[in-house]
Chemist: 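Have a look at this one.
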Amino acid sequence: MASSSCYNSPCAACKFLRRKCLPGCIFAPYFPPEEPHKFANVHKIFGASNVTKLLNDLLPHQREDAVSTLAYEAEARVRDPVYGCVSAITFLQRQVERLQKELDDANADLLRYASCNDVSAPPFIGPQEIGSSLHNMTLSRRMGYDHGGGYHFPYPPSSWNDQNPSGGGGNI
Amino acid sequence: MSSSSSLSSNSPCAACKFLRRKCQPECVFAPYFPPDQPQKFANVHKVFGASNVTKLLNELQPHQREDAVNSLAYEADMRLRDPVYGCVGVISLLQHQLRQLQMDLSCAKSELSKYQNLGGIASTATHGLLAAAAAAAATTAHHHQQFNFMTGGGGGGGGGGGRDHHHHLYHHHQFFPRDQPQQQQHQHMIRAFEGHGSNNFDASGLLIGQLSQFQAAGADGRRTPVDPS
């Protein structure tokens, strides 16, 4: 966390907003004067008042991470005004789907080998179900949804419909 | 594109309804915020603000605006659900999933190659392999029960059925230490963002950067769980 001394140099936010950086400035700890672009991006995408409200709704120990993620999203949006950081999410979703399919195929091959060797394979459904249901519950709890998959980007980009092999871009 | 027929003479778009103003024929929001989806604009307004969205849309070509609005709506939704991490939390989770899938796949392929090498070896040897894997899977399930305390939910990401095999028998190496809360996982990611400078915001670059961050974190044997503190 930056220790911007308001007595010597205003924080990047107050510099940008051309106002006096007061001792209780909410931005000062997170927008040091040596990182002007950080606040410039956040201001452009979210606006100073929205960020102020958001930070005020958080506990002090949460604010640094919140500002970091806002800064990340803002920079991603400045670089890609159409998709922002959502492009990374859809990319990762497709990677996960692809690897999941590969894993399913590998498991199917293993079962085939097991049956070819005439081995009575133990039923692995129990551990798998426990693991997968716990995993899904963890995702649900993490995102605050009542069902897993609520974090999936529900709008397939119009330009990706022809390219997306899964055909849906991760629709819910 | 959602062909919103929210003519100002009939029904204002969700944005103008929210802003309590007349929905003009050339309203920039009308095509993307139909009146039957009030929450979409409410979220976007709360996180980004109407004027910021207007500026952003005006800087885009008309054919780009629908995707832009949808991605903004998604980001706003994620930020409201998770005010600290927003979309970054989703990215973190997905990378975690991806890393686990890669490890599982690697193990599965390793076992497959053993089968392929064994060929005509006696069935007792392969039975031993399967039994060992089953025992390891049972141990993993026990660990999951011990360290995961979530409740509720049941569907899988991307539709339930496809996720059922995620934690298969080759997950036996998975370990969620009790003192590795999810916040630390996100913080690992956040530090990586700050350290990577300005070149990792395209999807592939982000993935490579983040994977190496997590691989470094995992190299010392620590794993960060998905469950929150």
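First the proteins, then the strands, lettered A, B, ... as listed; each starts at 1.
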Chemist: Could you tell me if the side chain of B/Lys55 sits less than 4.5 Å from the side chain of A/Lys44, heavy atoms only?
Modeler: no

Chemist: Do you know which two heavy atoms are closest between B/Leu105 and A/Leu99, and how far apart they sit?
Modeler: CD2-CD2, 3.7 Å

Chemist: Looking only at non-hydrogen atoms, find the nearest pair between B/Leu101 and A/Gln100 and report the distance.
Modeler: CD2-OE1, 3.4 Å

Chemist: Measuring from B/Gln100:CD to A/Leu103:CG, what's the distance to the nearest 0.5 Å?
Modeler: 11.0 Å

Chemist: So which atom in B/Ile91 and which in A/Ala88 form the shortest heavy-atom distance, rounded to 0.1 Å?
Modeler: CD1-CB, 4.2 Å

Chemist: I'd like to know if the side chain of B/Glu111 and the backbone of A/Leu110 have a donor-acceptor N/O pair within less than 3.5 Å.
Modeler: no

Chemist: Please assess A/Arg77 against B/Leu72 for the test side-chain contact (heavy atoms from CB on, under 4.5 Å), listing each intermediate value before the final yes or no.
Modeler: CA-CA 9 Å; A/Arg77 182 62 64 173; B/Leu72 287 168; 3.6 Å; yes

Chemist: Between B/Leu60 and A/Pro81, what is the shortest heavy-atom contact and its length?
Modeler: CD2-CB, 3.8 Å

Chemist: So what's closer than 4.5 Å to chain A heavy atoms on B/Leu56: side chain, backbone, both or neither?
Modeler: side chain

Chemist: When rounded to the nearest 0.5 angstrom, what distance separates OH in B/Tyr85 from CD in A/Gln62?
Modeler: 8.0 Å

Chemist: Under 4.5 Å heavy-atom distance to chain B, tell me which part of A/Leu70 shows up: side chain, backbone, both or neither.
Modeler: both

Chemist: If you look at every heavy atom in A/Ile45 and B/Phe48, which pair is closest and at what distance?
Modeler: O-CD2, 3.5 Å

Chemist: Hey, what do you get for OH (A/Tyr113) to NZ (B/Lys114), rounding to the nearest 0.5 Å?
Modeler: 14.5 Å

Chemist: Might you point out which heavy atoms bring A/Asn50 and B/Gly49 nearest each other, and give the distance in Å?
Modeler: ND2-N, 3.4 Å

Chemist: State the CD-CD distance between B/Gln97 and A/Gln95, to the nearest 0.5 angstrom.
Modeler: 12.5 Å

Chemist: Do the side chain of A/Thr69 and the main chain of B/Cys87 share a donor and acceptor less than 3.5 angstrom apart?
Modeler: no

Chemist: Measuring from B/Lys46:NZ to A/Leu54:CG, what's the distance to the nearest 0.5 Å?
Modeler: 8.5 Å

Chemist: Can you tell me which portion of B/Arg79 sits under 4.5 Å from chain A's heavy atoms? Options are side chain, backbone, both or neither.
Modeler: side chain

Chemist: At a heavy-atom separation under 4.5 Å, does B/Leu57 approach chain A through its side chain, its backbone, both, or neither?
Modeler: neither

Chemist: Side chains of A/Cys85 and B/Val88: does their closest heavy-atom pair fall under 4.5 Å?
Modeler: no

